[in-house]
Protein chains: 2
Amino acid sequence: MDSFKHINSDNPNSLSLRVFKEIEDMILNGEIQPGENLIESKLSSQLGVSRTPVREAVRMLERTGLVQIVPNKGAVVLGIDDQDLEDIYTIRMLIEGLASRWAAERMTEEQIRELGEIIDLQEFYTMKNSTEHINHLDSQFHEKIFEYCNSRPLQHTLSDLHHMIKRYRKISVGSTGRADKAIAEHRQIFEALAEHNPDTAEKLTIEHIANAKENLLKIIREKRN
Amino acid sequence: MDSFKHINSDNPNSLSLRVFKEIEDMILNGEIQPGENLIESKLSSQLGVSRTPVREAVRMLERTGLVQIVPNKGAVVLGIDDQDLEDIYTIRMLIEGLASRWAAERMTEEQIRELGEIIDLQEFYTMKNSTEHINHLDSQFHEKIFEYCNSRPLQHTLSDLHHMIKRYRKISVGSTGRADKAIAEHRQIFEALAEHNPDTAEKLTIEHIANAKENLLKIIREKRN
DNA sequence: GTTTTTATGATTGTATACAATTATACATTA
DNA sequence: TAATGTATAATTGTATACAATCATAAAAAC
């Protein structure tokens with residue numbers, strides 16, 4: 001049953017992957033706006049590569065939900081509206097709740113130690129007000145949990161959801177007073193995990209994401225006015 | 001904000017798509033076994049097309065989770081073990097439960113009528129013992145619900161999950177006495193949806209999928225012995 | 001003046017050629 | 001013999017050329 005295991009693909013950068021990331025950045029930074037068409041020939045000359053890796057990159061972008069491909073017509077950049085965003089967070093509540101539940105059941109002592117270190121770092125950088133680090137560690141905390149829950153299907157599902165909200169995460173934690181609260185919540189979740197208490201871990205995680213959702217929606221509404 | 005809407009891509013069959021389906025079938029039918037490598041040149045000569053559409057098809061297969069691509073090395077067919085299968089069904093319980101909840105809230109009268117017709121057909125073909133039709137309608141019932149819940153993120157998530165278990169669905173409903181029970185459950189879910197009763201619809205859907213899961217695991221264990 | 005047709009250009013889809021990488025078998029050395 | 005290096009073959013990655021499809025605008029028909 002060796003063939004069933006995942007091989008840890010160590011990201012040996014291919015051109016397609018580089019192009020994928022470059023186009024993704026352009027979209028995330030607003031250089032390319034929702035509604036615009038991605039034209040393979042333009043992108044390829046712009047990036048100095050042939051059309052083939054661009055094509056593959058566009059296919060990867062479709063997979064992340066950033067783009068929709070219409071056969072024989074091309075790829076158009078998709079936006080997401082408020083309803084979509086709310087739905088994504090509601091789904092995340094359920095799925096990440098489940099992830100915490102399973103992590104609480106399945107985590108090893110070594111993994112608990114590792115997660116503890118992340119929390120310590122988070123508290124450190126929050127005191128220092130280093131937004132850059134805070135955002136990165138926030139992502140890392142969530143990613144570690146769904147690594148430790150040790151379920152390929154769940155990881156797959158969650159990674160899709162996280163891709164969808166990549167555009168918004170940067171504003172979610174930054175700027176407001178949410179960072180302090182978020183970390184206090186992380187600490188609580190961590191303790192439930194460390195005690196192998198699935199019910200509490202799940203409940204706290206759901207609340208945590210519900211709070212993040214409210215905060216994000218609030219910020220977005222403010223930005224619009 | 002026109003650009004945000006999905007264009008109903010009416011499947012204008014491209015070669016890549018045809019090739020995708022052919023390879024998918026080969027894997028689903030066991031012609032290509034988990035652990036085997038997909039070799040582009042072989043497949044292209046075997047199917048009488050060039051390597052380009054084969055490459056694109058393999059990328060699509062990776063997206064459905066049937067295959068894993070290791071850069072510079074190729075694509076290997078993935079299997080899923082019992083734990084994966086259980087996890088998928090647990091996730092499905094949550095997600096389809098949510099789909100039913102939202103469908104109950106958002107469904108139109110016209111959609112209720114349509115869904116009712118599917119149920120009627122299901123009952124008809126179950127009396128006739130037409131396994132072919134039963135399986136198809138079972139899929140259709142679930143797909144209609146997450147079409148009617150009208151949430152793109154949820155649809156995306158669920159369609160991934162359904163792809164993952166495509167290999168198993170054919171044996172799930174067939175052969176056993178499960179079909180009768182399944183349809184009775186569908187009927188109950190339908191009534192909750194028609195009454196716009198989210199709580200009941202969600203609860204019944206979760207139970208329904210839990211039952212399907214037990215049934216599937218039982219069948220698989222029997223087949224192994 | 002409006003609609004339909006037709007021609008042209010732009011863009012995507014597919015095939016093929018070549019480059020880069022990886023796997024395999026054999027030889028070499030300790 | 002085991003380990004390491006090297007040559008060759010197999011395979012994937014990328015570039016380019018051509019075919020098919022679609023979008024646009026001018027011309028023709030009404």
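Being a predicted model, the structure only gives us computed values, none of them experimental. A note on names: the letters A, B, ... follow the listed sequences, proteins ahead of strands, and every chain is numbered from 1.
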Verify the contact: side-chain N or O of A:Thr52 to OP1 or OP2 of D:dT14, cut-off strictly under 4.0 Å; return yes or no. no

Pairing of B:Arg18 and B:Glu22 as salt bridge, 4.0 angstrom limit: yes

Can you tell whether the side chains of B:Arg113 and B:Glu110 come within less than 4.0 Å, N to carboxylate O? yes

Do B:Phe141 and B:His136 make the cut of ring centroids closer than 6.0 angstrom? no

Letter by letter from the 5' end, nucleotides 8-13 of chain C scores (B base, S sugar-phosphate only, - none; protein heavy atoms under 4.0 Å) ---SBB

Quick one: do B:Asp87 and A:Arg106 make a salt bridge, cutoff under 4.0 Å? yes

How far does OG1 of A:Thr157 sit from CG of A:Leu161, to the nearest 0.5 angstrom? 7.0 Å

Is any side-chain heavy atom of B:Ile165 closer than 4.5 Å to a side-chain heavy atom of B:Ile88? yes

Pairing string, 5' to 3', for DNA chain D - Watson-Crick or wobble contacts under 3.5 Å, brackets [ ] where pairs cross, | to another strand: ||||||||||||||||||||||||||||||

Measuring from atom OG of B:Ser159 to atom CD of B:Glu147, what distance do you get when rounded to the nearest 0.5 angstrom? 13.0 Å

Partners of B:His208 by ring pair (Phe, Tyr, Trp, His ring centres under 6.0 Å), sequence neighbours excluded? B:His142, B:His186

